[in-house]
Amino acid sequence: MAGGGTMMEGELAYLADRTSRGLHSRRAFLGRAGALGLSLVMAQGLLGSAAQAAGPQKGGVLRVGLHGGDYADTLNPLRAISAVERFNLRCVGDTLMASDSEGRPVPAAAEEIEASPDQRTWALRLREGLQFHNGQAVTGADVAATLMRHADPANRSGASGLLSGMDSVTSDGAHVVISFSAPNPWFAEALTDYRLVLQPAPLGSGAVPEVFSGPYIPRVNEPGVRHVFERNPRDWDSARGHVDQIEVLVINNHDARLAALASGQIHLANRADPRKAPKIAAIPDLQFVRGASGGRLAFSMQTGAAPFDRADLRLALKYALDRDAILRDVLSGYGRIGNDLPFVPGTEDFLAGIGQRSYDPEKAAFHYKRSGHEGMPLVLRVSDIAWPGALEAAKAFRTSAQAAGLPIEIRPEPAEGYFTEVWNKKPFTASYHDGTSSAGRLLSTYHLSASAWNETRFGGEALDKLVMEARATVDPQLQQNCFAEVARMLHEQGGSLVPVHCDSFELASNRVQGFGAHPDGEMMGGAAGIRVWLTA
């Protein structure tokens, strides 16, 4: 019997290997596995293991259905906001550094990077032979131009906060030197940001050309509908860009994305609805990938706009938010309770002194009365394009706030134009942000005064000073103390209401290999298109 079992295992391993290489029919393999008494789940797991062991295969067309796009989507990195834009820029662009599977920065377009002992000066060297898609060589001057574009406050780049304190960028051929006014040990991580993809130096008028150097070349660009990319034959990195073509379809409706995946029209989909997990689990040949990405769902108030300029009104709304109800009813428990902070509770030591804020109608009513607000509706603008279930969460918030006498009026907004015309412009909106791999990067992106993505407008000189002190010190305890003080300021006075840090739920056909959860958030930090491959 033992010998028979060994023979069966050997046969299945052999067939799984051939199937993963496209030399044997998948249907025939599953049929043989079933005849030998192996369950469908076990057979598919064996195929997956064989495909991983065989390594990446080249070829095929990867079709991806993404939530989060609209007609305003662009390949201009200065304006990139949505999940679709991030995915697309990862396909077409090269960053100087990349994130490994643990979220750590590793060399990419920059073959070497080194900081001075005081970490005020960073020197890097570009890879030899790096070219833009138009055949033009990538030089240090292009690196300098790229960084200066994003650092310029007038350009309102979402990466501006990451480059704060940058004094100068000089170049000599493939060598680049970046100088800061204060130590910046976070710079290597900042260079992994998807917006900092390399582009040519200004040409003629100085307009930013949509020219890149990454693993795929854009061929079709229909914002809000469809994007097509073809593999760059001159790409420098053989460990990425496995498929011949990537087709991105904007599918903002969850059921439509699920149907497209189940029917084989697409291979990958983001933001699955956790409430439909049992239905999804019943679909054959499907991977259901869950990751604790730290992505936060938020209702954001601009603290400089009336009536949200009143600290007591902001506190009233925070106490009027029933986080448990949103986690239970909107996310089916797939996430962690938020605490009106960008950090996931319990993940950072400096959060130990900050208590968890809970739903408290009495405290909400107390702060609301003290705010002096006269009862005009507090208009919350929401669209499910921000995150699936945002409108339902807003309704739950309105219900819990009514018990404290807070008059929230929900104003549903169309998906089209939400990120360009509503978010970061109107005073009270729904927003979603993926997890990031460090507190410093998160604070630099979303909470410095200079950051274009400081959606609450909260901060100022005191907060900026603390963040810069944390960045400049080599003393870990001093850094933790700075982070703790910033967290207290945001918790007590800030404009973010964070009910939940959600898990990422993504779906993939079993033909997709190399796909999984990533510390930088959904779709492997946006890089799934260039990392995965297809089996036959």
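Because the structure is a prediction, the values reported are computed rather than measured.
Under a 3.5 Å cut-off, the side chain of E413 and the backbone N or O of Y418 do not form any donor-acceptor pair. A donor-acceptor pair under 3.5 Å is formed between the side chain of R457 and the backbone N or O of N454. Between the side chain of T399 and the main chain of K395, a donor-acceptor pair closer than 3.5 Å is present. With hydrogens and angles disregarded, a donor-acceptor distance shorter than 3.5 Å links the side chain of S160 to the backbone of A450. Of the possible donor and acceptor atoms, none in the side chain of R411 sits under 3.5 Å from a partner among the backbone N and O of E409. In terms of modelled atom types and a separation under 3.5 Å, the side chain of R234 and the main chain of H133 share a donor-acceptor contact. Not a single donor-acceptor pair under 3.5 Å links the side chain of N88 to the backbone N or O of V92. Between the side chain of D193 and the main chain of A159, no donor-acceptor pair closer than 3.5 Å is present. The backbone N or O of D384 sits less than 3.5 Å from a side-chain atom of H67, completing a donor-acceptor pair.
Side-chain contact between L341 and I354 is present, with at least one heavy-atom pair separated by less than 4.5 Å. The side-chain heavy atoms of V467 and H447, taken from C-beta on, include no pair separated by under 4.5 Å. Within the 4.5 Å cutoff, side-chain heavy atoms of L327 are placed close to those of I337. Considering only heavy atoms from C-beta on, L96 stays 4.5 Å or farther from T146 through its side chain. Between V289 and F505, every side-chain heavy-atom pair lies at or beyond the 4.5 Å cut-off. In this structure, the side chains of F397 and L497 come closer than 4.5 Å at one or more pairs of heavy atoms. In this structure, C502 and Y334 have side chains that are not in contact, with every pair of non-hydrogen atoms separated by 4.5 Å or more. K58 has its side chain out of reach of D244: every pair of non-hydrogen atoms, C-beta onward, lies at least 4.5 Å apart.
Salt bridge annotation for R195-E85: absent, with no cationic side-chain nitrogen under 4.0 angstrom from a carboxylate oxygen. In this structure, D273 does not pair ionically with K279, as no charged nitrogen and carboxylate oxygen lie closer than 4.0 Å. Using a 4.0 Å cut-off between charged nitrogen and carboxylate oxygen, R271 and E506 do not count as a salt-bridge pair. A salt bridge between D100 and R104 is present, with a side-chain N of the basic residue lying under 4.0 Å from a carboxylate O of the acidic one. A salt bridge between K318 and D340 is absent, with no side-chain N of the basic residue lying under 4.0 Å from a carboxylate O of the acidic one. The pair R336-D503 meets the salt-bridge criterion, since a charged nitrogen lies less than 4.0 angstrom from a carboxylate oxygen. A salt bridge is defined here as a Lys NZ or Arg NE, NH1 or NH2 lying under 4.0 Å from an Asp or Glu carboxylate O, and R511 with D285 fails to meet this definition.
There is a side-chain donor-acceptor pair under 3.5 Å between N339 and H491. In summary, the side chains of E189 and S438 do present a donor paired with an acceptor at a separation below 3.5 Å, with no hydrogens or angles considered. Neither side chain, H267 nor S509, offers a donor N or O lying under 3.5 Å from an acceptor on the other. Checked by atom type, the side-chain pair S300/E455 shows a donor-acceptor distance below 3.5 Å.
Annotation: cation-pi pair R296/Y446 present, NZ/CZ under 6.0 Å from the ring centroid and within 45° of its normal. Within the cation-pi definition used here (under 6.0 Å to the ring centroid, within 45° of the axis), R240 does not qualify as a partner of Y216.
Aromatic ring centres of F428 and F308: separated by under 6.0 Å.
The shortest heavy-atom contact between H501 and P345 is CD2-CD, 3.7 Å. P519 and G103 make their closest contact through CG-N, 3.7 Å (heavy atoms, listed as atom of the first residue, atom of the second, distance). The heavy-atom pair separating A528 from F87 by the smallest distance is CB-CE1, 4.3 Å. Across R231 and G59, no two heavy atoms sit closer than the pair NH1-N, 4.2 Å. Summarising the geometry of R471 relative to L162, their closest heavy-atom pair is NH1-O, 4.4 Å, with the distance given to 0.1 Å. The nearest pair of heavy atoms linking T192 to P105 is CG2-CB, 4.0 Å.
Ring geometry for F343 against F350 counts as perpendicular: the plane angle is over 60°, on a 0 to 90° scale with 30° as the lower cut. Taking the six-membered ring for Trp and thresholds of 30 and 60 degrees, W387 and F299 have ring planes inclined between 30 and 60 degrees apart. Taking the six-membered ring where the residue is Trp, H242 and W533 present perpendicular rings, their angle passing 60° and hence far from 30°.
The CD1 atom of I326 sits 7.0 Å away from atom OG of S400, with the distance rounded to the nearest 0.5 Å.
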For R127 and D237, run salt bridge (charged side-chain N to carboxylate O under 4.0 Å, His left out): C-alpha distance rounded to whole Å, both residues' side-chain angles, the deciding distance at 0.1 Å, then the answer. CA-CA 11 Å; R127 292 184 180 276; D237 189 356; over 6 Å; no
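Among residues two or more places apart in sequence or in another chain, the ring-ring contact (aromatic ring centres under 6.0 Å, His included) test is passed with F229 by none.
D349 CG: 12 or fewer foreign heavy atoms inside a 6.0 Å radius.
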